[in-house]
Asks: 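This is the structure, below, for whatever I ask next.
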Amino acid sequence: MWSWVLHRITGVAIFFFLLVHILDTALVRVSPEAYNAVIGTYQTPIMGLGEVALVGAIVFHAFNGLRIILIDFWSKGTKYQKVMFYVVIALWVITMLGFTPRHLINVFSH
Amino acid sequence: MSTAVIDEAAPAPTPEVIESFTVTVIIRRFDPEVDEQPKWVDYDVEMFATDRILDALHKIKWEQDGSLTFRRSCAHGICGSDAMRINGRNRLACKTLIKDLDISKPIYVEAIKGLPLEKDLIVDMDPFFESFREVQPFLIPSSKPGAGKERIQSVADRARFDDTTKCILCAACTSSCPIFWTDGQYFGPAAIVNAHRFIFDSRDDAAKVRLDILNDQEGVWRCRTTFNCTDACPRGIQVTQAIAEVKQAIMRGKP
């Protein structure tokens with residue numbers, strides 16, 4: 001249940017990120033100055049923290065997506081779904097432990 | 001020394017008093033003739049640890065408020081009449097013991113979700129049984145057995161669908177499914193379980209028909225593997241597993 005709820009929430013969040021991302025990237029066709037101005041606002045600490053949330057959402061969605069594929073296509077997938085959920089959480093924690101400190105040092109050392 | 005011997009020889013004649021507890025049960029009541037909205041009403045009942053939620057409902061109905069309405073038939077987990085939401089989980093009231101719940105807090109009891117509420121703990125089960133009928137849950141053989149013979153099946157072939165024969169159609173699974181809550185058109189886990197029971201039966205020859213019915217926008221592909229149905233099933237059926245097997249059978253085109 002909670003894996004599904006998190007999968008939905010992260011999925012919708014990633015969708016809205018992609019929407020904004022396509023719009024801001026498309027700005028380069030409008031004018032390079034406008035593009036630079038918008039991308040410049042992303043270089044703030046608040047956006048840096050937002051990026052941690054974004055990467056967290058994508059990492060969970062990716063690992064849990066693999067878990068769902070295994071549930072659907074591996075004959076023992078439903079039996080080990082709980083174990084696989086804990087593995088997803090563990091992989092998420094490991095990935096975020098690697099990413100977050102390095103990223104935040106970059107964000108706050110500018 | 002002597003007292004100890006006497007004590008051992010003559011155990012206390014008074015019968016052991018079984019401990020009872022005052023349990024608060026909060027029931028979501030709804031009388032369509034009076035109420036606009038369902039409301040939570042609490043009742044205090046004296047219960048033993050070995051009593052069931054169904055006993056609490058009986059005590060309330062018989063001793064406190066005769067208007068409390070709920071379904072129950074066999075009261076022993078076979079008929080599937082008394083599925084309800086107990087502390088937020090779908091359970092059979094007749095199989096949920098007081099000792100398995102935390103009675104330091106009140107126990108919340110409400111009707112199962114996703115089906116139209118009729119009164120108190122009773123919902124309209126018609127949409128549920130409609131989906132059940134749609135998957136043709138009966139044996140459809142294409143050949144007749146020899147005169148005076150039975151349809152022979154090996155132990156392994158019987159074991160293939162053993163799990164899904166246990167269904168008692170209580171609707172605990174279907175009404176625990178978040179997809180079913182928002183999309184009443186979805187067949188629901190119970191209908192798929194009962195389709196599975198015949199799709200994988202070696203004596204049955206209409207698997208293609210049933211797979212076709214379930215290969216629908218509102219069929220098995222609505223399942224998002226939340227596993228709520230597996231957790232809710234009072235018979236311990238691996239519901240999500242059965243749905244996954246039907247999905248794979250549709251992709252293969254045969255059971």
Side-chain angles (χ1 to χ4, degrees), chain A residues 1-22 50 52-97 99, chain B residues 85 87-91 112-114 159-164 172-183 186 189 192-193 196 199-200 214-215 219-233 236-253 255:
Chain A
M1 173 87 187
W2 295 114
S3 68
W4 171 76
V5 170
L6 277 173
H7 202 76
R8 270 284 154 96
I9 292 171
T10 53
V12 171
I14 294 166
F15 167 76
F16 280 110
F17 161 73
L18 284 176
L19 195 74
V20 174
H21 183 56
I22 288 170
V52 175
L54 175 68
V55 170
I58 290 173
V59 169
F60 176 81
H61 202 83
F63 284 137
N64 197 49
L66 293 174
R67 169 179 165 267
I68 293 172
I69 290 171
L70 283 174
I71 289 172
D72 276 340
F73 289 96
W74 178 36
S75 59
K76 293 196 176 95
T78 51
K79 195 175 160 193
Y80 295 111
Q81 61 101 359
K82 278 219 174 101
V83 179
M84 289 197 290
F85 181 58
Y86 297 134
V87 171
V88 165
I89 298 292
L91 288 175
W92 183 85
V93 168
I94 293 168
T95 315
M96 293 312 282
L97 278 179
F99 168 77
Chain B
R85 216 166 131 89
N87 280 350
R89 290 176 181 278
N90 282 4
R91 294 282 181 266
I112 48 178
K113 290 175 71 169
R160 179 68 191 84
F161 60 93
D162 184 63
D163 201 34
T164 45
C173 58
T174 296
S175 61
S176 74
C177 175
I179 314 300
F180 184 78
W181 295 340
T182 50
D183 178 7
Y186 173 41
I192 300 170
V193 160
H196 178 283
I199 289 167
F200 293 95
L214 289 174
N215 187 17
V220 285
W221 309 117
R222 274 275 176 275
C223 171
R224 297 290 191 270
T225 59
T226 51
F227 288 91
N228 277 15
C229 48
T230 308
D231 292 340
C233 181
I237 300 172
Q238 297 300 310
V239 183
T240 318
Q241 166 88 45
I243 298 174
E245 284 172 11
V246 173
K247 282 177 182 169
Q248 281 163 15
I250 290 175
M251 284 187 284
R252 278 196 305 270

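Just so we're on the same page: letters track the sequence lines, and every chain starts at 1.
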Asks: Extract all donor-acceptor atom pairs below 3.5 Å that involve side chains of residues 90-97 of chain A and protein atoms in other chains or at least two apart in sequence.
Replies:
unit_1: A:Trp92; atom_1: NE1; unit_2: A:Gly56; atom_2: O; d: 2.8
unit_1: A:Thr95; atom_1: OG1; unit_2: A:Leu91; atom_2: O; d: 2.6

Asks: Given a strict heavy-atom distance threshold of 4.5 Å, which part of A:Ile71 is in contact with chain B: side chain, backbone, both, or neither?
Replies: both
Asks: Please tabulate, one pair per line, the N or O donor-acceptor pairs under 3.5 Å between chain A and chain B.
Replies:
unit_1: A:Met1; atom_1: N; unit_2: B:Thr226; atom_2: O; d: 2.9
unit_1: A:Asp72; atom_1: O; unit_2: B:Gln248; atom_2: NE2; d: 2.6
unit_1: A:Asp72; atom_1: OD1; unit_2: B:Lys247; atom_2: NZ; d: 3.3
unit_1: A:Thr78; atom_1: OG1; unit_2: B:Gln241; atom_2: OE1; d: 2.3

Asks: Could you list the residues that satisfy ring pair (Phe, Tyr, Trp, His ring centres under 6.0 Å) with A:Phe73, not counting sequence neighbours?
Replies: none
Asks: So, using side chain to side chain contact (heavy atoms under 4.5 Å, CB included) as the criterion, who are the partners of A:Phe16 when residues are at least two apart?
Replies: A:Val12, A:Leu19
Asks: What's the spacing between A:Met1 CE and B:Cys177 SG if we round to 0.5 Å?
Replies: 9.5 Å
